[in-house]
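Report on one structure; see the data block that follows.
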Amino acid sequence: MIILVINCGSSSIKYQLLDMKSDDVYDMLAKGIVEKIGLPEGQLKHRPTGKEQYVVSQPIPDHKVGMKLVLDALVDPVHGVLHSFDDIEAVGHRIVQGADFFSGSTLVDEDVIKKIEICCDFAPLHNPAHLLGIHAISHVLPDVPQVVTFDTAFHQTMEPYAYMYALPYEYYTKYRVRRYGAHGTSHQYVSRKAAALAGIDIENSRIITCHLGNGSSITAIRNGKSIDTSMGFTPLEGMIMGTRCGNIDANIVPYIMKKENLTPDEMTEVLNNKSGFLGLSGKSSDMRDLSRLASEGDQRARTVLKKLCFDTVKNIGAYVAEMNGVDLIVFTAGIGENNPDLLQRICANFGYLGVRLDGHAKANAAGEILMSAADSAVKVAMVPTNEELVIARDTMHIVSEL
Ligand code: ADP
């Protein structure tokens, strides 16, 4: 089944075209990104498998135009990989917020769209863009079934004591204020992959997954189900991230708003886009820049790297306690997949649990590494995440049953 997987951001569209033969057997036909939608210099970067990258630079006023550019590239006689739009059998979308409406992927209909609209309040940067993507596809490919996969769905198994904030209860009943988590698709995918790699039965396991990227979250997974995760009502809660502050004393928010005379929107911008690695270092939100700066002696960059390590250790430690132990710790995403030294430093704090790393561990053909030594009491793995594959699988299953 040929499936177009779409991840719409406010000014971007990331896509992958996959030919799914089964859950684990598939061909990647093309991938790419449309960037700077709504800005004067829009761009499509299209990477068809086995062919050269194709770049189109032109103003892209909205998501409909962006989506049309993607589809035109997919059927282009030179750069394309399909004969016609009719070859696309289904479209799967990544949706950041599904609140407590959705505990799994689902086919798009009017009711689903209404619920995603309600969730815009909890993910104002993401959900409106996802809706633009759904509408753009309905416009260009009106007869193709669309499926949505939610970042929050995997965390719907959390118990009320884990997802409730100790705020007046009416904020939950009136405004749905509770913890929803995020990156669920990634946590679910890497936990299953790593369990298979480590020879652990997922149905009888305690796993901690660390998704460390631009946004970072850590999840406690008991017997395959999320029981706690570091992100909350929005993806701001938890650990230090590229531009997000993670946990802070909530009283800081009104204090700074008064001191700096900031509106709620301006304060939201500070917390989400001007904090984290960027805010603390004053230089960059990118791990690669910070590693370089730290090696050149920049003290604030060093503090950022230490805080990233510290926050990760703190969350893992908390989840070990919650699950009364751990069988497997998994690292993934941009930082988790590319910084072996950092992972070693994090794991050094868990010597007391019997964590021992194998200094010579090698990646398998899928790029996964079982990092723990044979005599380690806890397995440790690095698994590249693949949210698009999960979306394509779910889409395939749901559309096959129509
Ligand atoms: P996003 O949340 O945008 O998907 P990613 O998972 O791509 O983010 O993670 C981005 C982070 O990963 C950045 O801080 C980046 O510096 C870091 N990163 C990506 N590749 C590497 C690499 N090869 N070496 C070190 N850090 C990397």
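When a ligand or atom number is given, it counts from 1 through the structure's own listing order.
- A salt bridge between Asp286 and Arg288 is present, with a side-chain N of the basic residue lying under 4.0 Å from a carboxylate O of the acidic one.
- Using a 4.0 Å cut-off between heavy atoms, Asn339 contacts ligand 1 through its side chain alone, with no backbone atom that close.
- Classification of Lys283 and Asp289 as a salt-bridged pair fails, no side-chain N sitting under 4.0 Å from a carboxylate O.
- With respect to the salt-bridge test (charged N to carboxylate O, under 4.0 angstrom), the residues Asp111 and Lys115 qualify.
- Distance remark: protein heavy atom present below 4.0 angstrom from atom 6 (O) of ligand 1.
- For the side chain to side chain contact (heavy atoms under 4.5 Å, CB included) criterion with Tyr180, the lone passing option out of Met158, Gln156, Met231 is Gln156.
- Taking the charged nitrogens against the carboxylate oxygens, Arg176 and Asp100 do have a contact shorter than 4.0 Å, which makes a salt bridge.
- Every N/O-N/O distance between Leu212 and ligand 1 stays at or above 3.5 Å.
- Of the protein's non-hydrogen atoms, the one nearest atom 16 (O) of ligand 1 is Asp286 OD1, 2.6 Å.
- For atom 27 (C) of ligand 1, the closest non-hydrogen atom on the protein side is Gly334 O, 3.6 Å.
- Judged by the shortest distance from any of its heavy atoms, Gly215 lies inside the 4.0 Å radius around the atoms of ligand 1.
- Looking at Ile335 next to ligand 1, an N or O pair under 3.5 Å apart turns up.
- For the side chain to side chain contact (heavy atoms under 4.5 Å, CB included) test with Val380, the passing option among Val330, Val355, Asp358, Ile369 is Val355; the others fail.
- In this structure, atom 14 (O) of ligand 1 lies nearest to the protein heavy atom Met287 N, 2.9 Å.
- Between Phe233 and Phe122, the ring centre distance stays below 6.0 Å.
- In terms of protein heavy-atom proximity, atom 10 (C) of ligand 1 is nearest to Asn214 N, 3.6 Å.
- Protein heavy atom nearest atom 22 (C) of ligand 1, with residue, atom name and distance: Asn338 CB, 3.2 Å.
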